[in-house]
Each structure stands twice: as structure tokens, then as C-alpha cells.
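Single-structure report; data block below.
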Amino acid sequence: MESSPNIDGATVPAPLAAPVLYRPEPAERPRINRAEMLRYLGYTGQDVDEGLSARIERIAAELERSVSPRGVRRVFPVDARACDAAGNPCIRLAGTTVELVGRDAFRHLKDASYCAMLACTLGMESERRLRTLGGQNPLDATILDAACSAYVEAAVGAMDSAVKRVAQDLGLASNWRFSCGYGDCPLDAQDAIVAALDATRLIGLTVTPSHLLLPSKSVTALIGLFEGDAHAADMRPTCATCRVRSACAFRARGTTCYAQG
């Protein structure tokens, strides 16, 4: 089976090595979670009258019919032996300029052999609709904004499931998807992620000077793929099972990448 180079001579399995585009046909588009829409609208159990409920359904259904999400994913080897400019351990993805600083990203990926990077967007059509509707009908614009947020989450969830199915077929475990801005992982890694995925050319995704994604209804995410048990940033870590413990800069300073106690 063909594969791509990894650190230390290891390889990314061929079924995961090449970029994969996500462009669902109309019948395969994900369904917007209406409960998730309500959460974005600030719903905490209040009564929703029939008129508002019908308006939410109309806007969600129209978005599902008329806007198709687009995405790209690719898997890269994880290098957890690197340090950032301050000398703190960080995650680098081999073959890219992606450097993920902060303890949360380090804990999420340090034991992973590979990282699946995902980028997904609703495209500029969603931006145009939001701007136009904002000047015409603020209530509908607010509902559409919530629908778009729930829609892109549903789309990246479908991409997440697809990469995990392929990984499972190859005997790899996986953890949950992690994004820049979670915990102490800064947004400025977005630039390198979008570049590594060639997402500007493939799906029209760009990054602003303040490291926000444009179109705004877009998501990037990282999933660790493991040859052993999966670990994640919200699980209780230990140094005993860490594959970089012998060269860990945290341990050299008498501390750990996780809060103790």
C-alpha cells in the first residue's frame, strides 16, 4: 500500500495521505440541527410561538436547499518533539508550516501519530445573504445567522465522521475535533492551516489580518489519529504514557503540560 513520508521514516497510510474534497450533492447535504439553531439564538427553555417556529423552519429549510457547504481535509504526521520560540513544547505537522502552541493543543495531539486537518465553509453566498437580510429584516437576519452557524457545524461534523470511518478501517483510533481558539491555542495558526490545505484555491477560504476566517461561516479543525488508545485535551493526562516524555521541556523545568492536583 502506498503512503507518504512521515517523521522518523514512518508513513501516512495511502487512504489518508491525499487531500479529499467535501462537496455534497443536494440530496447528501447535512441537515441543520434546529435545536442547535435555537441554542445560537440564546434559547434556554422559553416558549417558542408558532409564528417564530415557522419562521425558523422556513429559513433553515431554504438554506439547506440553496447553499452547499464545501470542505477539504488532509492528514499530516505529528511532530510533538518541537519547541516554540519561548522554548515551550508545541505541535508541528510534518510537511507544513503549522505550529500549534499552548498546552491544550499539545495535550490533544502529542500522542497522536497523525493529525487530520479539516476546513469547511458555506462560501460567500452566505455572507451576501446575511448582509442583505441584515438591512431588510433584522429578525430574519438573526435567525439566518444562527442557521448558518448550525449548518457549517453540521457540515464539518459530516467531514469529521468521514475521516474517522477511514481511520477506523485502518485500525487507527481518533479523538474529538479541536480548533484554534479553543483553550490556549491562539487563532494565528489559522493562516498556516488554510495554506497547508490549499483551502483558498480549493474552497475559497481566506484568513483576515486578525486571523479570522473569511467567509465568516467557516470552520477549521484538527483531529488526532492514534495507533494506540486515543487521548484528548479534556482527558486526564499522564507523563507515563507520553511518547515525548524523554525530551519534554515542561518536565525539564519541573512542571507538566497539564494542571496537577
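Taking the six-membered ring for Trp and thresholds of 30 and 60 degrees, F178 and Y182 have ring planes more than 60 degrees apart, a perpendicular arrangement.
The OG atom of S68 lies 10.5 Å from the CG atom of L63; values are rounded to the nearest 0.5 Å. Atom OH of Y22 and atom CD of E28 lie 8.5 Å apart (nearest 0.5 Å).
Crowding of Q46 atom CD: a count of heavy atoms from other residues, nucleotides or ligands under 6.0 Å exceeding 12.
Taking 4.0 Å as the cut-off between side-chain N and carboxylate O, D140 and R58 count as a salt-bridged pair. One finds no salt bridge joining E125 and R70 here, because no Lys/Arg side-chain nitrogen approaches an Asp/Glu carboxylate oxygen to under 4.0 Å.
Within the 3.5 Å criterion, the main-chain N or O of D184 finds a donor-acceptor partner in the side chain of D104. K217 places no side-chain N or O within donor-acceptor distance of the main-chain N or O of A150, the cut-off being under 3.5 Å. Checked by atom type and distance alone, the side chain of Y114 never pairs as donor or acceptor with a backbone atom of L16 at under 3.5 Å. Looking at T142, its side chain does come within 3.5 Å of a backbone N or O of P138 through a donor-acceptor pair. Counting only distance, with no hydrogens or angles, the side chain of S174 and the backbone of G224 share no donor-acceptor pair below 3.5 Å. No donor-acceptor distance shorter than 3.5 angstrom exists from the side chain of Q190 to the backbone of L212, with no hydrogens or angles considered. No donor-acceptor pair closer than 3.5 Å links the side chain of R29 to the backbone N or O of A155.
Annotation: side chain of V78 is in contact with side chain of L93 (closest heavy-atom distance under 4.5 Å).
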